[in-house]
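Just so you know, ligand 1 is whichever comes first in the structure, and atom 1 is the first atom listed for that ligand. Below, each value reflects all heavy atoms present in this structure, side chains not excepted, and no hydrogens, waters or symmetry copies.
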Amino acid sequence: MDIDKIREEFPILAQEVYKKPLVYLDNAATTQKPKVVIDAISNAYCTINANVHRGVHHLSQLSTEGHEGGRERVRQFINAKSTKEIIFTRGTTESINLVASSFGEAFLNEGDEVIISAMEHHSNIVPWQMLESKKGIKLRVIPITPNGELDIDAFRKLLNERTKLISVAHVSNVLGTINPIKDIVEEAHKINVPVLVDGAQGAPHIKIDVQALDVDFYVFSGHKMYAPTGIGVLYGKEKWLEAMPPYQGGGEMIAKVTFEKTTFNELPFKFEAGTPDYVGVMAMTAALDYIENVGIENIAAHETGLLQYTTSKLSEIEGITIYGNATHKSGVISFNVDGIHPYDIGMLLDKQGVAVRTGHLCAQPLMDLLGIPGVVRASFALYNTHEECDKFIVALQRAIEICR
Ligand code: PLP
């Protein structure tokens, strides 16, 4: 990978912050966008913008081709069987809410259990909690081991005849742990329980093959993988999506409407009420092309190199605690410095041009479990360099000096 060339493709990276070169290490929150993605948005609005599906005119046909071509692109990217299984949403959060609402309506009743894990993002906790109060289901939580891995023995013990769904993160946004999805799916399928995987932190870094993983649902956000905000994906096996009722009502999702009765459109449109974000889909197509041109395995290898390098440098600093030391770990380092609030570290890093995330990272139950109010998190993308990791370490040492 030619990192210098890659960096030139991301205009925002050339910026200075407080007269210091920007070191952007907040990629797990959102990634920066390459020029091809920004151009795809601009081109769509400059040359083909028209609403999709309903128009007979030239521009509408081009727009529809771009939108449906994007669906096929996503299908290939995750190796789904059919484009019927690719539903466009606003992102991971909306995808999980869609499943919670629709699967919940069709298949969950009082006393049924949904299993999540202790390392979930609020997006994969709250929608299920809402079903606890709405339908009387019960949430069960897989505990984690001291190094931040799922306790698989405990998971096996949680499975029982009341279990109706398992919903777990592919990769933890706090600990970086890459969870053994295939093993979880195998266990769950032994008792015919479907598995939803929150791939917000998985799809940007790991080659996803939904058929090989045999997951029932896989969800992710475009903006964490070099695509724009506001566009995301719900993959669902056709048999589940067919059996689930629509999530929202409106245009696009209908076959026929009368005042007496409405029949619904076929998949995937049944779940896509209203004008879709077709420009977002076209730009996401450009982002997926971009990732595949670089090679997701190359991206992962580069990020793992940065993770190992930075982890070892960070470990040399006195008073650092790193959270999450899983054997299989993605490019995320969450840590604290003894006696210093994470927010102070974040502010002082920012003043030196280094962008990191601080706080509970939308994982308050995990923070409670760890007994901390929050963490500082550095997270990597394909355009980060070893030189930036050094700058981060120097800036962190300076921040610690100031606070002590
Ligand atoms: N799940 C995980 C593991 C995440 O890291 C995030 C975002 O940080 C989300 C879900 C929510 O993603 P979005 O805000 O794009 O819907």
### Message
Does the plane of the ring in Y383 sit parallel, tilted or perpendicular to the ring in Y24? Use 30° and 60° as the thresholds.
### Response
tilted

### Task
Just need the protein heavy atom nearest to atom 8 (O) of ligand 1, so name the residue and atom and give the distance.
K224 NZ, 2.6 Å

### Query
Out of E85, E65, E272, which residue meets the salt bridge (charged side-chain N to carboxylate O under 4.0 Å, His left out) rule with R71?
E272

### Message
Among all the protein's non-hydrogen atoms, which is closest to atom 4 (C) of ligand 1, and how far away is it?
### Response
H121 CD2, 3.3 Å

### Query
If you measure from each heavy atom of H122 to ligand 1, is any distance below 4.0 Å?
no

### Task
Fit a plane to each ring of F217 and W240, take the angle between them on a 0 to 90° scale, and name the class: parallel (under 30°), tilted (30 to 60°) or perpendicular (over 60°).
tilted

### Query
Which protein non-hydrogen atom lies closest to atom 1 (N) of ligand 1, naming both residue and atom, and how far is it?
D198 OD2, 2.6 Å

### Query
Under 3.5 Å between some N or O of ligand 1 and some N or O of S123?
no

### Proximal ligand 1 atoms for N173, defined as those under 4.0 Å from one of its heavy atoms
5 (O)

### Task
Indicate yes or no: does an N/O atom of E94 lie under 3.5 Å from an N/O atom of ligand 1?
no

### Message
Below 30° counts as parallel, above 60° as perpendicular, anything between as tilted: where do the rings of Y343 and H341 land?
### Response
perpendicular

### Message
Could you identify the single nearest non-hydrogen protein atom to atom 16 (O) of ligand 1 and state the distance to 0.1 Å?
### Response
T93 OG1, 2.6 Å

### Message
Taking the ring centre of each residue, are F10 and Y290 less than 6.0 Å apart?
### Response
yes

### Task
Indicate whether the side chain of N336 and that of T321 have a donor and an acceptor atom separated by less than 3.5 Å.
no

### Query
Which atoms of ligand 1 are found less than 4.0 Å from any heavy atom of Q201?
3 (C), 4 (C), 5 (O), 8 (O)

### Query
What are the atoms of ligand 1, with element, lying closer than 4.0 Å to any heavy atom of A200?
1 (N), 2 (C), 4 (C), 6 (C), 9 (C), 10 (C)

### Summary
ligand 1 atoms nearer than 4.0 angstrom to some heavy atom of S221 are 12 (O), 13 (P), 15 (O), 16 (O)

### Task
Mark yes or no for whether K135, through its side chain, and E105, through its backbone, hold a donor-acceptor pair below 3.5 Å.
yes

### Task
Could you check whether the rings of Y278 and H67 sit parallel, tilted or perpendicular, using 30° and 60° as the cut-offs?
perpendicular

